[in-house]
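Working notes, beginning with the structure itself.
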Amino acid sequence: MEQVYLDHNATTPTDPEVVEAMLPYLTGSFGNASSVHQFGRDAKVALENAREQVAAVIKCRPAELYFTSGGTESDNIAILGTAYQYRKVKNHLIIGATEHHAVLEPAEHLKSREGFDLDILPVDNEGRIVPDSLTDRITDNTSVVSVMLANNETGTVQDIEPLARITHQYDALFHTDAVQAIGKIDVDVAALDVDLLSLTAHKIYGPKGVGALFIRQGVKIAPLFYGGGHEKRRRPGTENVAGAVGLARTLEIAQKRLQDDYSRMSELAEYFIDGVMGKIPDVHFNGSRQHRIPSTVSLSFEGIEGESTVLSLDIKHIAASSGSACTSGVTEPSHVLMAMDVPPILGQGAVRFSLGRSTTREQLDYVLTELPPIVEHLRSMSPIYKSIKQ
Ligand SMILES: *Cc1c(COP(=O)(O)O)cnc(C)c1O
């Protein structure tokens with residue numbers, strides 16, 4: 001059996017068409033976009049074309065788009081850059097409870113090491129933020145609110161616009177991490193009403209190590225790096241021209257395929273969820289059936305650890321991921337599932353299957369044959385499962 005890759009939320013293979021678009025800028029047109037000679041000018045033209053293409057996708061001005069090394073860097077610049085910019089007048093931040101570590105950790109750093117106040121917005125059982133919880137916490141002292149558009153573990157999609165609207169009533173800035181949404185659903189900065197938005201290429205068939213941050217015109221941020229005039233001093237460093245070209249091309253392709261991929265992913269995911277639920281008892285779906293990125297499927301198998309399921313699947317050449325982070329030998333449920341009030345016993349049993357363009361019904365059928373005996377075997381050795389079932 002071929003390998004079945006169901007971990008597209010971790011990363012994706014780079015589309016050969018994207019590689020092809022990038023190649024000239026790694027070889028013949030290798031110039032530094034800051035150089036004044038022909039090599040530099042060629043690189044600069046490619047970089048600015050890429051900027052225009054990416055801007056067109058999220059419907060911002062090219063001048064509002066800054067290339068970065070990916071989602072983590074964009075999130076860090078957004079959180080730290082805004083917090084530092086306004087720290088003399090405002091020192092309160094608010095983030096969602098299910099944010100990616102790239103938002104969570106800079107925010108926690110500001111709180112624990114730099115004297116900022118941090119509030120975390122709770123989510124409901126589907127991972128959705130209730131707008132009232134923001135109204136309850138936001139004050140005139142709030143400088144930035146950050147809530148992700150789509151969650152990487154569950155695929156839950158937030159209603160961003162109402163949250164951004166509340167935020168703006170308090171003269172605060174709104175950031176969204178759109179890494180898992182871009183190229184999968186429509187992402188429009190005006191409709192979302194956000195001031196900052198992070199994206200990356202490698203989750204949507206682009207290269208690793210390149211992303212972008214949208215910063216609305218007029219929004220001030222303190223730079224985190226110094227050393228050059230690149231990206232208007234907000235992100236100095238020789239531009240990754242080939243990467244920017246790759247990001248632009250991959251987004252163009254994703255936009256063109258958006259509707260088709262969305263319906264195909266929905267169909268495959270429903271087929272898979274129904275298949276698993278029909279064949280295996282005591283399985284729970286994590287997330288929102290209604291507000292979600294269809295390709296992300298998080299399922300909890302009662303009584304066994306997600307990590308064990310993932311390792312057993314790997315032996316059968318199936319790549320998935322467990323929702324839990326293994327810390328010092330003890331598997332802790334992820335902060336995402338805990339925030340959703342998923343009982344720890346189920347949180348530990350979570351497995352994330354993330355489908356992608358290469359996923360076929362035949363592959364899912366293979367998983368549907370291999371998974372039930374794996375779960376049954378692990379449960380037969382699980383004292384926890386036996387105790388629940390008695
Ligand atoms: C992957 C991911 C990131 C980090 O992006 P990188 O480009 O890998 O640094 C940030 N946020 C979310 C939601 C992600 O899924």
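Just the heavy atoms: all of them, side chains too, but no hydrogens, waters or symmetry mates, feed the values below. One-based numbering, in listed order, for ligands and for the atoms of each. The first residue in the sequence is number 1, and the count goes up from there.
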Just checking [X]: does its [atom1] atom have more than 12 heavy atoms from other residues, nucleotides or ligands closer to it than 6.0 angstrom?
| X | atom1 | answer |
| --- | --- | --- |
| Y84 | OH | yes |
| K232 | NZ | yes |
| K111 | NZ | no |

ring-ring contact (aromatic ring centres under 6.0 Å, His included) partners for H202, two or more places apart: none

Test side-chain hydrogen bond (donor to acceptor under 3.5 Å, both in side chains) applied to N286 and S300, step by step: CA-CA 7 Å; N286 300 312; S300 283; 2.9 Å; yes

Residue contacts for ligand 1, heavy atom to ligand atom, distance under 4.0 Å: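 Ligand 1 is contacted, at a heavy-atom distance under 4.0 Å, by G70, G71, T72, D75, H100, M148, N152, D177, V179, Q180, T200, H202, K203.
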
Test applied, side chain to side chain contact (heavy atoms under 4.5 Å, CB included); reference residue, I129; option that passes from L121, I160, D159: L121

